[in-house]
Amino acid sequence: MDLVNLMYRYINKFINSDTLIKELESLDLSKYNKKEQEEITKLLGEVKKVKETTPNELDQVEKNRLENINHMLKLLGNANKSEKLDEKTSEFITKQVSQLESDKEAIRDGGRLYTTIFELMTNNPVVNKYASKMNDLELLEFITHYISAPLPPEIDQEGFNDLVEAGIKEDKRESLWRLAFNYNHKHKDFTLIEDYFISKRDEYYLTELISAVREDLDMPKLIKKIVKTKDKDFINRVIETGQSYSLFEEDELKELNS
């Protein structure tokens, strides 16, 4: 799993080639058989060669990443100014802002340097062998260790739902929210997640879900589900928390208050 984690962190630009090389060098090779050790040693040599011979460039992907970070920082900054925020929500926002600011300052690989190492990591037989061994819960936790990953594993809706079901079985609400965040704008249906948060009357994670992936949600249908609970306390908590983020349109608030 160490090697799979390194691959995932690199392709999503959570680490650069300098860190990748250091961590490849520090891998405990005793965990692998002789053939795998040879493959890992070969991979390390190939990555080093690419690093030494290929310049790092600020490509469009990296520019977009920085723009997205700035956008999220602006949204979270505005939300944190609300006087209606409870302590738990404020702490959460502060934590996310700190993480985003740290990510913004980090140097990432770009251009041909990135794409060449990307190919080396994703086509490595040892990486692929161990990635294929993960069960649904392990894959869920693996994907959601980081949020807003630009390149999460490619899975279809059925595979996505399997991960959601694994998270529901273990009541992994934070992981479910992060899963949706990582697959925002990737044509996924988040109905199972929203229904679970509603069934648990969890306004915190429900509003976090709306905040993160509103564009991918059927908001009129979601509002109707909330109202259908007829749980006034829950509905009022959703409204109060949602207003802290300015999540709802006037017509949505009117229906929630009906």
Side-chain angles (χ1 to χ4, degrees), residues 1-15 20 23-24 27-28 31-33 35-36 39-40 43 68 72 92 95-96 99 103 118-218 221-222 225-226:
M1 286 299 296
D2 293 340
L3 197 57
V4 180
N5 187 46
L6 273 180
M7 177 272 293
Y8 189 67
R9 289 164 64 203
Y10 183 79
I11 68 171
N12 282 290
K13 297 196 173 187
F14 295 127
I15 60 173
L20 175 62
E23 297 204 24
L24 282 172
L27 279 179
D28 182 1
K31 297 179 180 179
Y32 303 91
N33 63 41
K35 185 176 180 180
E36 290 171 343
E39 286 288 349
I40 294 170
L43 173 64
N68 288 335
M72 286 301 302
F92 174 81
K95 181 180 178 181
Q96 298 308 314
Q99 181 174 327
D103 193 45
F118 179 107
E119 292 294 328
L120 288 174
M121 296 299 295
T122 56
N123 291 321
N124 183 271
V126 184
V127 174
N128 292 331
K129 174 185 175 180
Y130 285 94
S132 66
K133 288 185 175 183
M134 285 188 285
N135 61 37
D136 289 336
L137 185 58
E138 288 172 333
L139 183 55
L140 171 67
E141 294 181 340
F142 178 80
I143 293 171
T144 59
H145 184 71
Y146 298 96
I147 64 170
S148 193
L151 291 172
E154 291 188 15
I155 51 177
D156 58 18
Q157 186 64 49
E158 182 179 0
F160 183 85
N161 288 346
D162 288 342
L163 299 186
V164 174
E165 293 290 358
I168 289 174
K169 185 177 180 181
E170 300 293 329
D171 194 25
K172 299 279 189 177
R173 300 184 201 182
E174 175 72 13
S175 292
L176 292 173
W177 171 82
R178 285 171 170 256
L179 182 69
F181 199 120
N182 281 328
Y183 284 93
N184 190 24
H185 301 305
K186 296 186 185 296
H187 311 292
K188 291 293 184 286
D189 184 345
F190 301 132
T191 300
L192 288 179
I193 299 177
E194 66 184 48
D195 287 351
Y196 183 63
F197 291 160
I198 292 173
S199 72
K200 290 296 184 179
R201 301 297 191 263
D202 194 327
E203 81 287 347
Y204 175 73
Y205 279 115
L206 181 61
T207 52
E208 286 299 325
L209 179 71
I210 296 171
S211 176
V213 299
R214 180 185 173 96
E215 305 90 340
D216 287 338
L217 302 176
D218 185 337
K221 188 175 181 180
L222 176 56
K225 289 180 187 177
I226 297 170

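The figures that follow rest on heavy atoms only: side chains count, while hydrogens, waters and symmetry mates do not. Just so we're clear, the structure is a prediction, and the values are computed from it rather than from any experiment.
N128 and N123 make their closest contact through ND2-C, 3.8 Å (heavy atoms, listed as atom of the first residue, atom of the second, distance).
N184 CG to L179 CG: the interatomic distance, rounded to the nearest 0.5 Å, is 11.5 Å. Separating the CG atom in L137 from the CD atom in E165 is a distance of 12.5 Å, to the nearest 0.5 Å.
Residues F14 and N5 are not in side-chain contact: their nearest non-hydrogen atoms beyond the backbone lie 4.5 Å or more apart. For the pair F181/P152, no side-chain contact is recorded, criterion being any heavy-atom separation below 4.5 Å from C-beta on. Looking only at side-chain heavy atoms (C-beta outward), E39 and P125 come within less than 4.5 Å of each other. In this structure, the side chains of M121 and L43 come closer than 4.5 Å at one or more pairs of heavy atoms. Two residues are said to be in side-chain contact when any heavy atoms from C-beta on lie closer than 4.5 Å; W177 and F190 fail this criterion. Between Y183 and D216, the closest side-chain pair of non-hydrogen atoms is not below 4.5 Å. By the 4.5 Å heavy-atom criterion applied to side chains, E36 and K129 are counted as neighbours. Within the 4.5 Å cutoff, side-chain heavy atoms of L209 are placed close to those of V213.
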Give every donor-acceptor pair under 3.5 Å between a side-chain atom in residues 139-147 and any protein atom, sequence neighbours left out.
from, atom 1, to, atom 2, distance (Å)
E141, OE2, K172, NZ, 3.1
T144, OG1, L140, O, 2.7
Y146, OH, R9, NE, 3.2

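Taking the six-membered ring for Trp and the full ring otherwise, Y196 and Y205 have centroids separated by 6.0 Å or more.
Residue E215 places its CD atom among more than 12 non-hydrogen atoms of other residues, nucleotides or ligands, all under 6.0 Å distant. More than 12 heavy-atom neighbours from other residues, nucleotides or ligands sit within 6.0 angstrom of NZ on K186.
The closest side-chain donor-acceptor pair between Q157 and N161 falls under 3.5 angstrom.
Contacts classified as salt bridge (charged side-chain N to carboxylate O under 4.0 Å, His left out) and involving residues 191-209 (residues at least two apart or in different chains) are given here: R173-D202, E194-K225, D195-K225, R201-D231, E203-R237.
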